[in-house]
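What follows is one structure encoded as structure tokens, with my remarks underneath.
Here the structure is a predicted model, which means the values were calculated and not measured.
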Amino acid sequence: MSALTSINTPALHGRRSAAKPVQPAKPMQPAESGAPTTTAVKQSAAVLKPTAATSPAAVGVSTQAAPGAFRRIAGKTFKVVGAGMLVLAALVFVFLAIGPRILGYQTSTMLTGSMAPLINPGDVVVTVPTPVKDIKVGDIITYHIPVEDQRVETHRITEITTTADGGVAVQTKGDANNGIDPWIATLQGQTVDKQVATIPYVGNAIRALREPIVLNILMYGAPAVLVIGMLASIWTKDPSKASSGESAAVQAASGE
């Protein structure tokens with residue numbers, strides 16, 4: 001009996017030890033003051049994350065914006081100036097060269113102030129051929145004076161008389177002059193140039209345009225300005241837009 005007891009007792013003891021359940025280890029709890037919360041982590045990540053305004057790409061765009069805007073303004077300015085010079089030159093050419101041939105009017109520049117304030121020095125006087133028999137006192141005519149160098153004069157008619165041979169003679173006066181002109185002019189031909197319009201200050205511009213230096217500037221300056229404007233328009237193109245357009249075209253071609 002004692003032998004069995006001594007044999008069975010360790011066996012039972014061993015089975016009890018094996019059958020004893022093993023307690024699972026408790027998970028470690030984070031310290032309340034040590035581990036940061038999820039909200040704090042997100043806030044830290046948000047602070048460290050670069051914003052759109054401070055990102056390198058945004059800084060590069062801001063530094064390139066000013067030169068791009070300057071180039072666009074310069075390009076538009078050159079275009080406007082070049083187009084304006086060409087339009088002005090074309091208008092002057094049409095007015096002085098083509099208009100008189102087609103419409104029959106004549107132009108002359110007033111050099112003195114004898115007809116002020118109606119016609120001032122530098123104004124352009126526009127005249128049309130008018131039959132001599134249709135002129136009357138008070139009309140302003142442009143004619144060659146019968147004395148001295150027979151220069152062209154633009155004055156107002158104060159008196160009309162008929163000559164012995166049936167011609168027409170006129171007495172004239174400048175509006176700003178104190179007395180009448182010291183001659184009587186016999187009008188030659190069937191017509192006389194009668195004033196119909198006055199263009200202020202254009203005469204000064206025409207005389208300036210006839211200067212060699214101004215002609216050279218108009219001849220070579222206007223095309224140069226246009227060329228510079230075209231180059232400026234090319235410079236003002238946005239490379240990013242061009243590259244995006246090319247990439248889109250490549251993607252479309254590859255998709256087909």
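A donor-acceptor pair under 3.5 Å is absent between the side-chain atoms of R156 and the main chain of K173, judged by distance alone. For Q195 (side chain) and V126 (main-chain N/O), no donor-acceptor pair under 3.5 Å exists by modelled atom type. Judged purely by atom type and a 3.5 angstrom limit, D181 has no side-chain atom pairing as donor or acceptor with the backbone of W183.
Side chains of S108 and V124 form no contact here, defined as non-hydrogen atoms less than 4.5 Å apart. A heavy-atom distance below 4.5 Å is not found between the side chains of T142 and Q106. In this structure, T127 and K194 have side chains that are not in contact, with every pair of non-hydrogen atoms separated by 4.5 Å or more.
In R151, the CZ atom is crowded: over 12 heavy atoms of neighbouring residues, nucleotides or ligands sit closer than 6.0 Å. Within a 6.0 Å radius of CG in D165, more than 12 heavy atoms belonging to other residues, nucleotides or ligands are found.
When the side chains of ILVMFWY residues are joined at heavy-atom separations under 4.5 Å, either directly or via intervening members, I184 and V137 end up in two distinct hydrophobic clusters. Side-chain heavy atoms closer than 4.5 Å link hydrophobic residues (I, L, V, M, F, W, Y) into clusters, and following such links, even through other members, never connects V125 to I199. Linking Ile, Leu, Val, Met, Phe, Trp and Tyr whenever their side-chain heavy atoms come within less than 4.5 Å leaves L91 and Y201 in two separate clusters. Residues I98 and F95 share a single hydrophobic cluster, defined by chaining ILVMFWY side chains whose heavy atoms lie under 4.5 Å apart. Following chains of ILVMFWY side-chain contacts shorter than 4.5 Å, one can reach V147 starting from I141, so the two form part of one hydrophobic cluster.
Looking at every heavy atom in both residues, E153 comes nearest to S114 through OE2-OG, 4.3 Å. Shortest non-hydrogen contact noted between Y105 and G99 is OH-CA, 3.3 Å. For the residue pair M110 and T112, the shortest heavy atom distance occurs at CG-O, 3.4 Å. Smallest separation of non-hydrogen atoms from P129 and G104: CD-O, 3.4 Å. Scanning all heavy atoms of the two residues, the minimum distance from A176 to A116 falls at CB-O, 3.6 Å. Of all heavy-atom pairs spanning H144 and Q150, the tightest one is ND1-O, 3.1 Å.
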Walk me through it: do H155 and N177 pass the test side chain to side chain contact (heavy atoms under 4.5 Å, CB included)? CA-CA 10 Å; H155 279 179; N177 295 342; 3.9 Å; yes
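In this structure, the separation between OG1 on T154 and CG on L111 is 9.0 Å, given to the nearest 0.5 Å. The CD1 atom of I180 lies 3.5 Å from the CD atom of Q171; values are rounded to the nearest 0.5 Å. To the nearest 0.5 angstrom, T172 atom OG1 is 9.0 Å from I145 atom CD1. Rounding to the nearest 0.5 Å places CG of L187 at 10.5 Å from CG of D193.
Of the options V132, T163, T186, a side chain to side chain contact (heavy atoms under 4.5 Å, CB included) to V168 is made by V132 and by none of the others. For the side chain to side chain contact (heavy atoms under 4.5 Å, CB included) with I157, the lone residue among V170, I140, V192 that qualifies is V170.
Applying the salt bridge (Lys or Arg N to Asp or Glu O under 4.0 Å) test to pairs two or more places apart or on separate chains, none has a residue in residues 107-132.
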